[in-house]
Amino acid sequence: MTTQTHPVDRELVEAAADVARSRCRGDNHTMAAAARARDGRIVTAVNAHHFTGGPCAELVVIGAAAAQGAHELETIVAVGDRERGVVPPCGRCRQVLLDYFPALRVIVGAGDRLRAVPVAELLPETYVWADHQLDAG
């Protein structure tokens with residue numbers, strides 16, 4: 001698979017890093033995410049860690065974006081607290097992001113090696129949920 005890269009949205013990375021520095025506290029909130037909507041808005045959120053499997057920051061940002069009327073996200077990034085930098089999405093988040101936004105770009109990598117790649121490239125042999133639903137006809 002050839003990796004397609006796109007310019008890195010540095011403003012988006014900084015928005016997530018700012019939230020990680022200023023809002024993440026203790027064990028409950030350890031990751032921040034920022035997403036750019038098609039209209040240019042940036043939506044941010046933090047995870048809600050819980051031993052029963054609380055949602056990751058990327059999933060919370062999807063809900064926050066929807067609550068703000070931003071239903072089409074173009075790019076997303078997650079940043080860890082304590083200056084951990086950009087953290088790639090977990091497997092569950094990769095699948096959800098693909099299902100909600102098949103054309104989404106995800107910022108991954110570290111330091112000067114950050115890159116924005118299509119979410120589908122983060123899931124080899126991609127399973128697209130919508131492709132496997134039976135028609136109700």
Side-chain angles (χ1 to χ4, degrees):
M1 177 184 326
T2 304
T3 299
Q4 299 175 14
T5 59
H6 302 273
V8 172
D9 186 336
R10 301 279 176 186
E11 183 183 19
L12 198 61
V13 174
E14 191 53 40
D18 284 346
V19 170
R21 280 190 294 273
S22 63
R23 302 289 184 237
C24 290
R25 298 282 186 264
D27 293 336
N28 292 334
H29 309 292
T30 58
M31 294 290 298
R36 184 167 306 272
R38 180 171 285 162
D39 65 9
R41 281 185 286 169
I42 292 176
V43 179
T44 61
V46 299
N47 69 321
H49 178 76
H50 191 265
F51 74 91
T52 61
C56 297
E58 296 94 332
L59 300 185
V60 177
V61 88
I62 291 172
Q68 295 174 36
H71 297 283
E72 297 181 39
L73 301 182
E74 293 185 334
T75 308
I76 193 167
V77 65
V79 173
D81 66 347
R82 296 168 292 194
E83 303 299 327
R84 289 184 288 145
V86 171
V87 177
C90 71
R92 177 180 67 166
C93 286
R94 291 174 191 214
Q95 185 67 55
V96 172
L97 291 169
L98 175 72
D99 290 338
Y100 272 68
F101 310 105
L104 184 73
R105 291 182 300 272
V106 182
I107 298 173
V108 296
D112 61 353
R113 295 182 322 276
L114 290 179
R115 61 196 188 285
V117 299
V119 67
E121 292 195 13
L122 297 177
L123 287 165
E125 301 297 326
T126 301
Y127 174 88
V128 178
W129 182 81
D131 291 347
H132 299 281
Q133 302 309 299
L134 298 176
D135 289 334

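In this chain, numbering begins with 1 at the start of the sequence shown. None of these values were measured; they are calculated from a predicted model. Both backbone and side-chain heavy atoms feed into the values below; hydrogens, waters and symmetry mates do not.
Considering every non-hydrogen atom in both R10 and G111, the closest pair reads NH1-O, 4.3 Å. Of all heavy-atom pairs spanning D27 and T30, the tightest one is O-CG2, 3.8 Å. Residues A32 and A57 share a closest heavy-atom pair of C-CB, 3.8 Å. Across all non-hydrogen atoms, the minimal contact from A34 to A15 is CB-CB, 4.2 Å. Here the shortest heavy-atom pairing between A37 and A70 reads CB-CB, 3.7 Å.
Residues V79 and R84 are not in side-chain contact: their nearest non-hydrogen atoms beyond the backbone lie 4.5 Å or more apart. Contact annotation: the side chain of R38 never approaches that of H71 to less than 4.5 Å [non-hydrogen atoms, C-beta and beyond]. When side chains are defined from C-beta on, C93 counts as touching L59, because their heavy atoms get closer than 4.5 Å. Inter-residue side-chain proximity for P88 and L122 is flagged as unmet; no heavy-atom pair is nearer than 4.5 Å. Inter-residue side-chain proximity for R82 and C24 is flagged as unmet; no heavy-atom pair is nearer than 4.5 Å. Between T75 and I107, the closest side-chain pair of non-hydrogen atoms falls below 4.5 Å.
In D39, the CG atom is crowded: over 12 heavy atoms of neighbouring residues, nucleotides or ligands sit closer than 6.0 Å. More than 12 heavy atoms of other shown residues, nucleotides or ligands fall within 6.0 angstrom of atom CZ in R41.
L123 and V117 fall within the same hydrophobic cluster, where Ile, Leu, Val, Met, Phe, Trp and Tyr residues are linked whenever their side-chain heavy atoms come under 4.5 Å apart, directly or through other members. Both V108 and V61 are members of a single hydrophobic cluster when ILVMFWY side chains are connected at heavy-atom separations under 4.5 Å. Transitive grouping of hydrophobic side chains (ILVMFWY, heavy atoms separated by less than 4.5 Å) keeps M31 and V43 in distinct clusters. A continuous path of Ile, Leu, Val, Met, Phe, Trp and Tyr side chains, each step under 4.5 Å between heavy atoms, connects V119 with F101, placing both in one hydrophobic cluster. The hydrophobic clustering, which links ILVMFWY residues whose side-chain heavy atoms are closer than 4.5 Å, places V106 and I42 apart.
The pair R92-E58 fails the salt-bridge criterion, with no side-chain N (NZ, NE, NH1 or NH2) lying under 4.0 Å from an Asp/Glu carboxylate O.
The CZ atom of R25 sits 9.5 Å away from atom CG of D81, with the distance rounded to the nearest 0.5 Å. With rounding to the nearest 0.5 angstrom, the CZ atom of R115 is 9.5 Å from the CD atom of E121. I76 contributes atom CD1, which lies 6.0 Å from atom CD1 of I62 (distance to the nearest 0.5 angstrom). A distance of 10.0 Å separates OG1 of T44 from CG of L12, quoted to the nearest 0.5 Å. R94 CZ to L104 CG: the interatomic distance, rounded to the nearest 0.5 Å, is 12.5 Å.
Under the 3.5 Å distance criterion, the side-chain polar atoms of H29 are matched with a main-chain donor or acceptor of N47.
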